[in-house]
Amino acid sequence: MHKKWDGIVSQLINRRFSRPTARFLAEKTRITPNQMSFLSFLVGAFSGISFLLGQSIVGGILAQAASILDGVDGDLAVITGKISKFGGFFDSILDRYADSAIILGLTLNALSLNRNSLIVLAVGLAALFGSLMVSYSRAKAEADLNLVFKTGFSGYAANRDVRLFIIMIGGILNQAYITLIVLAVLTNSVVFKRILDARSSRFRK
């Protein structure tokens, strides 16, 4: 549940909110890190629903709120001493569901405003697959190759905190289609770069 490192947006923005929130919750409530993970998922799901209903600004703000809450569970786990492997697994699974809901909501929002439905759908699917593969490629590289992406383009460019921040900006600007294009290009570029990095690392061993 507790991350080994933070993304750029988490470092500059999210932790300024998540850490004080976690300290408050630890002192004043009995909420658990896993309950916070579920709350973050619910906020992400409502973000997707908001995009689906055409409420782009609300959807964008909720996406960023989900990103901040995703940091609260890890901070809360550290403060309360409740770090667990199951917590990390549970959090990761819920994050993927929330991300999928948000991107699907964005895609349906863009479809309702654009006549080129097949192109929009293709871009939306590319953004969805790319986002999921960013997380999967990191986990597989660490598990199978003992390779950790935590520097440069491969390490930071398309982390979840960055993706949700981009979605927040896109939602506020009411640019669902442009947001999907940015996500599709960025995420799949990172995955491709990670494949090259992994291949290069394998040949160096």
Side-chain angles (χ1 to χ4, degrees), residues 3 7-10 13-14 37-73 89-140 149 153-195:
K3 295 178 175 62
I8 295 173
V9 175
S10 290
I13 300 174
N14 293 0
S37 294
F38 189 72
L39 177 60
S40 175
F41 157 73
L42 288 179
V43 173
F46 279 116
S47 170
I49 293 172
S50 297
F51 281 119
L52 174 64
L53 297 177
Q55 300 296 319
S56 295
I57 295 177
V58 175
I61 292 172
L62 287 177
Q64 179 61 18
S67 183
I68 293 172
L69 291 175
D70 189 39
V72 172
D73 60 5
F89 169 80
F90 184 62
D91 179 51
S92 181
I93 294 297
L94 292 180
D95 285 352
R96 303 294 79 74
Y97 275 116
D99 291 351
S100 298
I102 293 170
I103 294 177
L104 286 173
L106 265 175
T107 302
L108 292 173
N109 182 296
L111 281 170
S112 69
L113 301 173
N114 198 304
R115 295 179 181 178
N116 299 317
S117 58
L118 289 179
I119 296 176
V120 174
L121 181 59
V123 171
L125 289 175
L128 175 60
F129 294 154
S131 296
L132 295 177
M133 287 304 297
V134 166
S135 301
Y136 182 75
S137 62
R138 181 187 295 279
K140 287 296 288 181
F149 300 112
F153 186 75
S154 295
Y156 287 104
N159 286 352
R160 187 171 193 254
D161 60 324
V162 174
R163 300 195 307 268
L164 292 181
F165 187 78
I166 290 171
I167 289 170
M168 179 190 71
I169 298 300
I172 291 173
L173 297 177
N174 196 27
Q175 294 294 329
Y177 183 44
I178 299 299
T179 303
L180 289 172
I181 292 175
V182 172
L183 290 174
V185 172
L186 181 62
T187 56
N188 288 288
S189 295
V190 167
V191 173
F192 180 70
K193 179 63 164 56
R194 287 179 176 178
I195 292 172

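- Rounding to the nearest 0.5 Å places CD1 of Ile166 at 11.5 Å from CG of Leu180.
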Practice item. Go through Tyr177 and Ile119 one step at a time and tell me if the side chain to side chain contact (heavy atoms under 4.5 Å, CB included) criterion holds. Key: CA-CA 10 Å; Tyr177 183 44; Ile119 296 176; 3.3 Å; yes
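- Between Ala184 and Asn188 the shortest heavy-atom distance is O-ND2, 2.8 Å.
- With hydrogens and angles ignored, the 3.5 Å screen pairs no side-chain donor or acceptor of Asn114 with any backbone N or O of Ala110.
- In this model, a donor atom of one side chain and an acceptor atom of the other lie less than 3.5 Å apart for Ser137 and Arg194.
- Closest approach of Ser117 and Leu111 over heavy atoms only: O-CD2, 3.3 Å.
- Side-chain contact check for Tyr156 versus Val162: every heavy-atom pair is 4.5 Å or farther apart.
- The minimum heavy-atom distance linking Val134 with Ala158 is given by the pair CG1-O, 3.6 Å.
- A heavy-atom distance below 4.5 Å is found between the side chains of Phe153 and Leu186.
- Proximity of Met168 to Leu62: side-chain heavy atoms (C-beta onward) are nowhere separated by under 4.5 Å.
- A distance of 7.5 Å separates CG in Asp95 from OG in Ser135, rounded to the nearest 0.5 Å.
- With contacts defined as side-chain heavy-atom distances shorter than 4.5 Å, the pair Phe51/Ile167 qualifies.
- Here the CG-CG distance, from Leu39 to Asp73, works out to 9.5 Å after rounding to the nearest 0.5 Å.
- If you check the side chains of Ser67 and Asn14, you find a donor sitting under 3.5 Å from an acceptor.
- Residue-environment remark: CZ (Phe192) stays at or below the threshold of 12 foreign heavy atoms within 6.0 Å.
- Atom CZ of Phe46 is surrounded by 12 or fewer heavy atoms from other residues, nucleotides or ligands within 6.0 Å.
- Lys193 and Ser154 make their closest contact through CG-OG, 3.1 Å (heavy atoms, listed as atom of the first residue, atom of the second, distance).
- With no hydrogens or angles considered, a side-chain donor-acceptor pair links Arg96 and Ser92 at under 3.5 Å.
- Crowding of Leu173 atom CG: a count of heavy atoms from other residues, nucleotides or ligands under 6.0 Å exceeding 12.
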Review point. Please walk me through it: do Asn174 and Ser56 pass side chain to side chain donor-acceptor pair (under 3.5 Å)?
Key: CA-CA 6 Å; Asn174 196 27; Ser56 295; 3.0 Å; yes
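- Between Ala127 and Ile103, the shortest heavy-atom distance links the atoms O-CD1, 3.8 Å.
- Side-chain contact between Thr187 and Arg163 is present, with at least one heavy-atom pair separated by less than 4.5 Å.
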Practice item. Test side chain to side chain contact (heavy atoms under 4.5 Å, CB included) on Gln64 and Ile13 and set out the steps. Key: CA-CA 10 Å; Gln64 179 61 18; Ile13 300 174; 4.2 Å; yes
Exercise for review: Decide yes or no on side chain to side chain contact (heavy atoms under 4.5 Å, CB included) for Ser100 and Leu132, but give the supporting numbers first.
Suggested key: CA-CA 8 Å; Ser100 298; Leu132 295 177; 3.9 Å; yes
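- Distance check: Leu164 CG to Ile102 CD1 gives 5.0 Å after rounding to the nearest 0.5 Å.
- Atom CG of Leu69 sits about 13.5 Å away from atom CZ of Phe41, to the nearest 0.5 Å.
- Not a single donor-acceptor pair under 3.5 Å links the side chain of Asn159 to the backbone N or O of Gly7.
- Within the model, atoms CG of Leu53 and CD1 of Ile49 stand 7.5 Å from one another, a figure rounded to the nearest 0.5 Å.
- The shortest side-chain heavy-atom distance between Leu52 and Asn109 does not fall under the 4.5 Å cut-off.
- Not one N or O on the side chain of Ser50 forms a donor-acceptor pair closer than 3.5 Å with the backbone of Val58.
- The minimum heavy-atom distance linking Arg160 with Ala98 is given by the pair NH2-CB, 3.7 Å.
- Checking side-chain atoms of Asp70 against main-chain N and O of Ser37 turns up no donor-acceptor pair under 3.5 Å.
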Practice item. Evaluate the criterion side chain to side chain contact (heavy atoms under 4.5 Å, CB included) for residue pair Thr107 and Leu128; output intermediate values, then yes/no. Key: CA-CA 9 Å; Thr107 302; Leu128 175 60; over 6 Å; no
